[in-house]
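So you know, we letter chains A, B, ... as the sequences are listed, proteins then strands, and number each from 1.
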2 protein chains.
Amino acid sequence: MPTAALPVWSEIRGDLLRMIHTGAWKPGDQIPNEVELASTYGCTRSTVSRALRDLAEAGFLVRRRKSGTRVAANPTRRAPLEVPIIGDAIKAAGHAYRFELVERKLKTAPVNVTQALGMPAGIDLLHVQVVHRGGNLPLQFEDRWLNPLAATGISQADLATIAVDRWLLQFAPLGNATIAIMAEAAGEDIADALDLRTGDPVLVVERTSFRLSKPLSFLRLVHRPGHRITTAI
Amino acid sequence: MPTAALPVWSEIRGDLLRMIHTGAWKPGDQIPNEVELASTYGCTRSTVSRALRDLAEAGFLVRRRKSGTRVAANPTRRAPLEVPIIGDAIKAAGHAYRFELVERKLKTAPVNVTQALGMPAGIDLLHVQVVHRGGNLPLQFEDRWLNPLAATGISQADLATIAVDRWLLQFAPLGNATIAIMAEAAGEDIADALDLRTGDPVLVVERTSFRLSKPLSFLRLVHRPGHRITTAI
DNA sequence: TAGTGGTCTAGACCACAAA
DNA sequence: TTGTGGTCTAGACCACTAG
């Protein structure tokens, strides 16, 4: 019974990974160079190189010209943290999705917002507040400040019909962003919007995003207690 | 003044990425195939393939045999979430690091722990509790259940001298794990350990890890209010 | 200076999935 | 059936850097 025929480079990667996991190669150890491994596995250098590059990108190996390849000494694993469209995530969880536009107004942005976006204090930004519901339960409170100069066309968008995050994705797919996750006590406004008691612990995700190197949006996503952000290494 | 000489595949990647960011190629659009792109850029198919593969791994493109390459319709960005050694992180933040071993005892594990680890209920695991301090301020409360059968040698380890997480890294580098992040209200024990008031919002990270496909450790990391987990896309 | 990884070529065959 | 991406080879030259 043959196992599933994986590509050679993938087999090699698994083999090398096993050497690390079992402790045959310990953190800091130097491993054979590409030419040696190629002859060991009976393939070309390109093929082992593919495996080694993959392991290096995953953080298992550290590669340097001339000095060779070593097992990472201080391996910091990186778990992929997904950033989905809110509505899609709620639907995927099996709930009926609905959202309410609470506010949509050009206002003077608070200092913490302009600072995060690297914009001058006192500037006017588009303030958008949305409550996202799954099966009538308010799951997320979205509080967003948008730069109308970077998000041209947002003025014409009907944000009561299309969720802001979806609109942004269509308009400005995949820019840069910084993300912060924290726990906070719900204030009165949040408690009101999410139907909680003041002081209840809420999970907050702040995202500052840029489009073509220009400030685009500062977002605070407040999650209902019990919400878990999950991932796997 | 020549710009820094990037590899060809990297230049191509940047070029293609620009097509996406500027909206020349929109989500769902099909882009030219490898052979066309190779002739466009005057290089071999391998080189454009490298660029395309990179963009696909980053989530910008979706590639399928026969049907070709398209701009991702529902692009989910992945932010790298780092999992550092606690002591290193505290030192890197500029604080003096110190930790206290609160408990280290073989006990019957609670159901939620055995369930997460996929172990039979009622089994005995090594329970370890540690308070991590930065500059005398308790920053994290670590509550861990270890499988002594997978972590052979933990019985001999002096966990008052070496932090558990560091010991584990030496012993079982880089296994698999699932991670969950949530907000909770501090219970009495947590409030006591972290010098908080009961009910204060704390950020909790749960990590269930495996070594060579065997259950290794269930960890709850409770962070002091104000702590932020940060990353960038 | 020499050893190592990084890149690139010009091919080839194969696996998959849409028509 | 056939177009597409996925893999692999056997070379080559280059870039970086430790000794």
Side-chain angles (χ1 to χ4, degrees), chain A residues 1-17 19-20 25-75, chain B residues 1-17 19-20 25-75:
Chain A
M1 183 63 189
T3 61
L6 290 176
V8 176
W9 69 267
S10 173
E11 298 270 18
I12 295 175
R13 180 186 55 182
D15 214 50
L16 302 179
L17 199 49
M19 301 289 278
I20 299 174
W25 291 341
K26 300 199 177 305
D29 281 1
Q30 178 144 15
I31 77 171
N33 67 31
E34 293 190 346
V35 178
E36 288 181 63
L37 287 172
S39 92
T40 299
Y41 287 105
C43 64
T44 59
R45 189 164 77 91
S46 323
T47 303
V48 297
S49 185
R50 172 87 193 261
L52 291 169
R53 190 202 322 145
D54 203 82
L55 289 170
E57 283 171 1
F60 291 101
L61 298 176
V62 175
R63 318 196 68 194
R64 295 215 330 247
R65 284 165 155 120
K66 167 75 178 177
S67 89
T69 300
R70 294 176 172 279
V71 178
N74 288 36
Chain B
M1 182 65 188
T3 61
L6 290 176
V8 176
W9 70 267
S10 174
E11 299 270 17
I12 295 175
R13 180 185 56 181
D15 214 49
L16 302 179
L17 199 51
M19 300 290 279
I20 298 173
W25 291 341
K26 298 198 177 305
D29 282 1
Q30 179 144 13
I31 77 171
N33 68 30
E34 292 190 347
V35 178
E36 288 181 62
L37 287 172
S39 90
T40 298
Y41 288 105
C43 64
T44 59
R45 188 163 80 90
S46 324
T47 303
V48 297
S49 185
R50 173 86 193 263
L52 291 169
R53 190 202 320 142
D54 203 82
L55 288 170
E57 282 171 3
F60 292 101
L61 297 176
V62 176
R63 317 195 68 193
R64 273 163 52 198
R65 285 164 154 118
K66 169 72 179 178
S67 89
T69 300
R70 294 176 172 277
V71 178
N74 289 39

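Remark: P of dC8(C) and CZ of R50(A) are 15 Å apart, rounded to the nearest angstrom. Taking atom CG of N33(A) as the reference point, atom P of dA2(C) lies 17 Å away to the nearest angstrom. Regarding L61(B), its CG atom lies at a distance of 11 Å from the P atom of dG5(D), rounded to whole Å. The distance between atom CD1 of I12(A) and atom C1' of dT7(D), rounded to the nearest whole Å, is 12 Å. In this entry the distance linking CZ of R53(A) with P of dC8(C) reads 11 Å, nearest Å. At whole-Å resolution of the value, CG in D54(B) and C1' in dG5(D) are 16 Å apart. With rounding to whole Å, E34(A) atom CD is found 11 Å from dT7(C) atom P. Rounded to a whole Å, the CZ atom of R70(B) is 14 Å from the C1' atom of dG3(D).
A donor-acceptor pair under 3.5 Å is formed between the side chain of D29(A) and the backbone N or O of K26(A).
Of the side-chain N and O atoms in T69(B), one or more sit less than 4.0 angstrom from OP1 or OP2 of dG5(D).
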Annotated structure of DNA chain D as dot-bracket, pair cut-off 3.5 Å, Watson-Crick or G-U only, | for inter-strand, is ||||||||||||||||||.
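For the side-chain hydrogen bond (donor to acceptor under 3.5 Å, both in side chains) test, no residue two or more places apart in sequence or in another chain qualifies with S39(A). For V8(B), the side chain to side chain contact (heavy atoms under 4.5 Å, CB included) partners at least two apart in sequence or on another chain are I12(B), T47(B). By the side-chain hydrogen bond (donor to acceptor under 3.5 Å, both in side chains) test, S46(A) pairs with no residue at all, sequence neighbours left out. Take D15(B) and apply the salt bridge (Lys or Arg N to Asp or Glu O under 4.0 Å) test, not counting sequence neighbours, and it matches R18(B). Residues meeting the side chain to side chain contact (heavy atoms under 4.5 Å, CB included) test with R63(A), sequence neighbours left out: E34(A), S49(A), L52(A), A56(A), T69(A). A search for side-chain hydrogen bond (donor to acceptor under 3.5 Å, both in side chains) contacts involving N33(A) returns nothing, not counting sequence neighbours. Residues forming a side-chain hydrogen bond (donor to acceptor under 3.5 Å, both in side chains) with E57(B) (at least two apart in sequence, or on another chain): none. Residues passing the side chain to side chain contact (heavy atoms under 4.5 Å, CB included) test with S10(A), sequence neighbours excluded: L6(A), P7(A), R13(A).
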Determine, step by step, whether W9(A) and V48(A) satisfy the side chain to side chain contact (heavy atoms under 4.5 Å, CB included) criterion, reporting the C-alpha distance in whole Å, the side-chain angles of both residues, the deciding distance to 0.1 Å, and the verdict.
CA-CA 6 Å; W9(A) 69 267; V48(A) 297; over 6 Å; no
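Between the CH2 atom in W25(B) and the CZ atom in R70(B) there is a gap of 13.0 Å [rounded to 0.5 Å].
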Reading nucleotides 13-18 of chain D from 5' to 3' and marking B where a protein heavy atom lies under 4.0 Å of the base, S where only the sugar-phosphate is that close, and - otherwise, the string is --BBBB
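Looking at residues 35-44 of chain A, you'll see that no heavy atom sits under 4.0 Å from any atom of DNA chain C.
Residue T47(B) is classed as a sugar-phosphate contact, given heavy-atom separations below 4.0 Å to backbone atoms only.
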